[in-house]
Amino acid sequence: MAMELSDANLQTLTEYLKKTLDPDPAIRRPAEKFLESVEGNQNYPLLLLTLLEKSQDNVIKVCASVTFKNYIKRNWRVVEDEPNKICEADRVAIKANIVHLMLSSPEQIQKQLSDAISIIGREDFPQKWPDLLTEMVNRFQSGDFHVINGVLRTAHSLFKRYRHEFKSNELWTEIKLVLDAFALPLTNLFKATIELCSTHANDASALRILFSSLILISKLFYSLNFQDLPEFFEDNMETWMNNFHTLLTLDNKLLQTDDEEEAGLLELLKSQICDNAALYAQKYDEEFQRYLPRFVTAIWNLLVTTGQEVKYDLLVSNAIQFLASVCERPHYKNLFEDQNTLTSICEKVIVPNMEFRAADEEAFEDNSEEYIRRDLEGSDIDTRRRAACDLVRGLCKFFEGPVTGIFSGYVNSMLQEYAKNPSVNWKHKDAAIYLVTSLASKAQTQKHGITQANELVNLTEFFVNHILPDLKSANVNEFPVLKADGIKYIMIFRNQVPKEHLLVSIPLLINHLQAESIVVHTYAAHALERLFTMRGPNNTTLFTASEIAPFVEILLTNLFKALTLPGSSENEYIMKAIMRSFSLLQEAIIPYIPTLITQLTQKLLAVSKNPSKPHFNHYMFEAICLSIRITCKANPAAVVNFEEALFLVFTEILQNDVQEFIPYVFQVMSLLLETHKNDIPSSYMALFPHLLQPVLWERTGNIPALVRLLQAFLERGSNTIASAAADKIPGLLGVFQKLIASKANDHQGFYLLNSIIEHMPPESVDQYRKQIFILLFQRLQNSKTTKFIKSFLVFINLYCIKYGALALQEIFDGIQPKMFGMVLEKIIIPEIQKVSGNVEKKICAVGITKLLTECPPMMDTEYTKLWTPLLQSLIGLFELPEDDTIPDEEHFIDIEDTPGYQTAFSQLAFAGKKEHDPVGQMVNNPKIHLAQSLHKLSTACPGRVPSMVSTSLNAEALQYLQGYLQAASVTLL
């Protein structure tokens, strides 16, 4: 449906955009919902673009540009099996107008549109948007730097993905196309801009614009040179490197800023040039060799003369990273060999940049979330400390002995300074711990901490003498930075410090969960969680539940108390530690569950009002699942108490449509329902009709959880559904029909169908059976993927086990004469090898055995010629390796691989479903079952089976078959 490009519609859109900025959710939410409901209409994006161009109100212009960018982000990509959300006419119009619009808009809007162009470009460039590059390059001639910078900014967001894409011919073709069109104009623009800088050397506002261009040009240089050294840049290296070198050494008073925090243009440009030089030094060292000494000198001088202010952080860390990348290349070893050089690097570059500055202290206290992210998760790539650490590691590659020697002196003198007056000199100790850490760690992973350590540093001794005393002090709030350092030390060196020392630290860490400092109690939670996941001998956890048992009560109390500390009400590290403690302690937590589940439910209710921390929420649901599993394993009847505690909150989440939580709620409900042994409680039956509403199935993130919940309903309550909700069966099959039509979700459709066949009373499904098969055949004709075939084979064999071999043959031949033979010949016999998974293979083996031995038409009609090939394929299923060849195209269909929190299905590990075997005890060993069934068949018609087997089964298969018969102690008559 189309919306007209009319003034009335522009007015309506303006009103709603205004409301989306309202702080009151009662006004904001409906407006957002309205925009969401109309965004599928034709012309909607063009209305937004008209507004951002023509509206008189600046706020509306910006709001329209952000809304437009988010609309593009959500809808531009065409996903297989899903409707195309933007009509072709709109796509063409957007691409025709957006570059011009972006270049003529003010900077704030230009940025949004530039992002939108790069999102479109990621999908459409170069094939579906061939003229994008020429349109951009032509604007370089305009001489208007507002326009030029718009082009550069867009090119940067378009090409920066070249920095992390995997090599492929497709990528290389695209880069080559870009280089052919872009490299020369970019180089000319670079030279011209540098000339303009000297012409306008005294005009501050002109310089600001020109330097913004130089920064973007340098970033583009990095992206275009990242994958490989392009011939063009190799030929023009002189131009680029000489100018880069000049810019590195340039200082213009007019560009210096008074701001101590924000990096100025000069700093940003030099930082990027350091990056570009490091790229060449690392990847293209032979070509770059003659320029290198000049850059080392320039960058060294930069480091020695740059101040400690925060605004220089990026520049200093990139400069140090440049030295780090140079010093670990054998080519350049000689530049660093001299002991004096090493000493002066240690003294002038490394030690000063390890210091904990006032700005770090401020972040530690006031911006702890950012501090933790940088320090713990290693996103501190641009901090001076991280860069200094990398330089220490780089130098240790060739000069471990001398470097360790130089630093040991520093460490000792820093610790002595601290000892003289701890309350004044605590920063000295902080730097000493940092130095020891960077010296000792050679290789590190998020998952396991340090995996390789410097032999020259005694980590345990340092731990006992300098770390433990801080953690043992009675006051958990004294010297918070040193406390955090000590806890981090345990975390990093957990594989090097002996277990008995770690065991001593556990009660100390539990104690620090009460610290007021957000960083300290977060680190304590994180350290406990990491210790609890350490592996001991024979793949168990290093710490057993009985070793942690003495601390259970205080551990759980302090973890939940920590969630009430200011700033940590949704602290993901604490929640992850709660989940991990539950998982480690198992039944030891049962006595505390009634209070814990109340606290978890209250937390769930609070965060469901506005879910903002995806990881926190995920671990919270995991903890709820663990509470249920651990308790109900010991006492299944307790499931009722959990339902009482949780259902009120769940109902509220479903009624308020809290999208992020719905898949989680369904998983927890499945877990609860699967715990019931007998019939379904009425509280669940009341929900059943709602689960079939099409709107729930529109969101791909709900599908796996909903299918599992419906399977739980079918397993536990098929009789109730057949008697009390028979009118809902068509709805159930409607869901199956929708899922089966989608390549991405067809396996989910089969999960549902298999549960219907296995659990529903046969008479309740009778009237629908033929229709089910017809739908499956239609899908087979339209698109026959390996995944679909595998699921289809499992289904027809399950059907055969449930309803009998004759019923299967009759339903096929009832759809179309001789169809049963076609399915055997074209699908079962050639494809059965592709079935994977033990339960799936067992179902197929038992089903085929039934077709061979309990289906009279197989013995005396034109189907008989298929009997031996079918037996041969069954022996193949038993004995041959699984056929995992997948035709080329399908490799690219993603099943569960949707990144992004919004739509994705986040699987709860602890809500895990036990693997279900529908054949179960009926058949333990399918090979022996085949032998026994063949024996039984041969007693009914003596002489026929041995002759069919001996005349047309190949020798190898025959030998296997004889083995089965021997194992079952039967013969063929």
Side-chain angles (χ1 to χ4, degrees), residues 372 375-378 433 436-437 440-455 457-464 466-468 470-472 483-513 519-556 558-559 562 571-589 615 618-619 622-623 626 629-630 909-910 912:
I372 292 165
D375 192 43
L376 264 196
E377 298 172 18
I433 296 175
V436 169
T437 305
S441 25
K442 281 187 178 173
Q444 177 171 15
T445 68
Q446 259 310 146
K447 207 168 164 185
H448 301 296
I450 298 298
T451 50
Q452 223 185 333
N454 177 339
E455 304 299 315
V457 182
N458 186 334
L459 291 166
T460 305
E461 197 178 292
F462 190 84
F463 174 73
V464 173
H466 301 289
I467 302 290
L468 265 184
D470 283 349
L471 296 179
K472 281 183 169 165
K483 295 277 204 277
D485 288 340
I487 297 172
K488 191 179 168 199
Y489 186 95
I490 296 177
M491 214 159 12
I492 293 181
F493 295 116
R494 58 185 183 274
N495 289 309
Q496 283 69 31
V497 173
K499 178 177 170 179
E500 62 271 20
H501 289 304
L502 295 177
L503 207 46
V504 171
S505 359
I506 284 179
L508 304 175
L509 292 169
I510 293 174
N511 222 359
H512 283 83
L513 290 168
V519 176
V520 175
H521 64 242
T522 301
Y523 279 21
H526 188 49
L528 286 164
E529 191 272 330
R530 294 286 78 195
L531 292 178
F532 291 170
T533 42
M534 288 177 72
R535 288 183 190 281
N538 9 329
N539 230 359
T540 50
T541 51
L542 179 65
F543 296 102
T544 60
S546 57
E547 286 170 314
I548 307 300
F551 318 120
V552 173
E553 189 159 341
I554 182 85
L555 170 67
L556 297 173
N558 285 1
L559 279 168
N571 185 320
E572 65 183 72
Y573 292 98
I574 298 173
M575 191 49 89
K576 192 176 186 184
I578 290 174
M579 169 193 87
R580 199 71 69 195
S581 305
F582 283 12
S583 175
L584 178 75
L585 292 163
Q586 292 292 329
E587 54 275 11
I589 66 169
H615 289 102
H618 189 91
Y619 299 134
E622 292 280 24
L626 275 162
R629 279 179 65 165
I630 294 167
F910 293 113

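All heavy atoms count here, side chains included; hydrogens, waters and symmetry mates do not.
- The aromatic ring centres of Phe462 and Tyr489 sit less than 6.0 Å apart.
- With contacts defined as side-chain heavy-atom distances shorter than 4.5 Å, the pair Leu508/Leu468 qualifies.
- Shown here for Ala525 and Ala577, the closest heavy-atom pair between the two residues is O-CB, 3.5 Å.
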Leu585/Leu555 under side chain to side chain contact (heavy atoms under 4.5 Å, CB included): CA gap, chis, key distance, verdict: CA-CA 11 Å; Leu585 292 163; Leu555 170 67; 4.0 Å; yes

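- Contact annotation: the side chain of Ile433 approaches that of Ile467 to within less than 4.5 Å [non-hydrogen atoms, C-beta and beyond].
- Inter-residue side-chain proximity for Ile554 and Asn511 is flagged as unmet; no heavy-atom pair is nearer than 4.5 Å.
- At least one donor-acceptor pair closer than 3.5 Å links the side chain of Arg494 to the backbone N or O of Met491.
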Could you go step by step and tell me if Leu513 and Val520 meet the side chain to side chain contact (heavy atoms under 4.5 Å, CB included) rule? CA-CA 8 Å; Leu513 290 168; Val520 175; over 6 Å; no

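- Looking only at side-chain heavy atoms (C-beta outward), Leu376 and His526 come within less than 4.5 Å of each other.
- Between the side chain of Arg535 and the main chain of Thr540, no donor-acceptor pair closer than 3.5 Å is present.
- Looking at heavy atoms from C-beta onward, His512 lies in side-chain contact with Lys483 at the 4.5 angstrom threshold.
- Side chain of Glu622 to main chain of Met579: no donor-acceptor pair is present (N/O by atom type, distance under 3.5 Å, no hydrogens or angles).
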Determine whether Tyr523 and Leu509 satisfy the following criterion, side chain to side chain contact (heavy atoms under 4.5 Å, CB included), listing intermediate values before the conclusion. CA-CA 9 Å; Tyr523 279 21; Leu509 292 169; over 6 Å; no

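- Partners of Asp470 under the side-chain hydrogen bond (donor to acceptor under 3.5 Å, both in side chains) rule, at least two apart in sequence or in another chain, are Lys429.
- Leu459 contributes atom CG, which lies 8.5 Å from atom OG1 of Thr437 (distance to the nearest 0.5 angstrom).
- With a 4.5 Å cut-off on side-chain heavy atoms, Thr460 and Asn458 count as touching.
- Between Thr541 and Thr533, the closest side-chain pair of non-hydrogen atoms is not below 4.5 Å.
- Within the model, atoms CG of Asn571 and OG1 of Thr522 stand 4.0 Å from one another, a figure rounded to the nearest 0.5 Å.
- Minimum heavy-atom separation, Ala588 to Val552: O-CG1, 4.1 Å.
- Within the structure, side-chain hydrogen bond (donor to acceptor under 3.5 Å, both in side chains) pairs that include any residue of residues 572-586 comprise Glu377-Tyr573, Glu529-Arg580 (at least two apart or interchain).
- Atom CG of Leu531 and atom CG of Leu542 lie 8.5 Å apart (nearest 0.5 Å).
- Of all non-hydrogen atoms in Ile574 and Ala562, the two that sit nearest each other are CD1-CB, 3.6 Å.
- Separation of atoms NE2 (His521) and CD1 (Ile487) is listed at 10.5 Å; rounding is to 0.5 Å.
- Applying the side-chain hydrogen bond (donor to acceptor under 3.5 Å, both in side chains) test to residues at least two apart or on different chains, the pairs with a partner in residues 497-507 are Lys499-Glu547.
- Using a 4.5 Å heavy-atom threshold, the side chains of Ile490 and Val497 count as separate.
- Using a 30° and 60° split on the angle between ring planes, Phe543 and Phe532 fall in the perpendicular class, above 60°.
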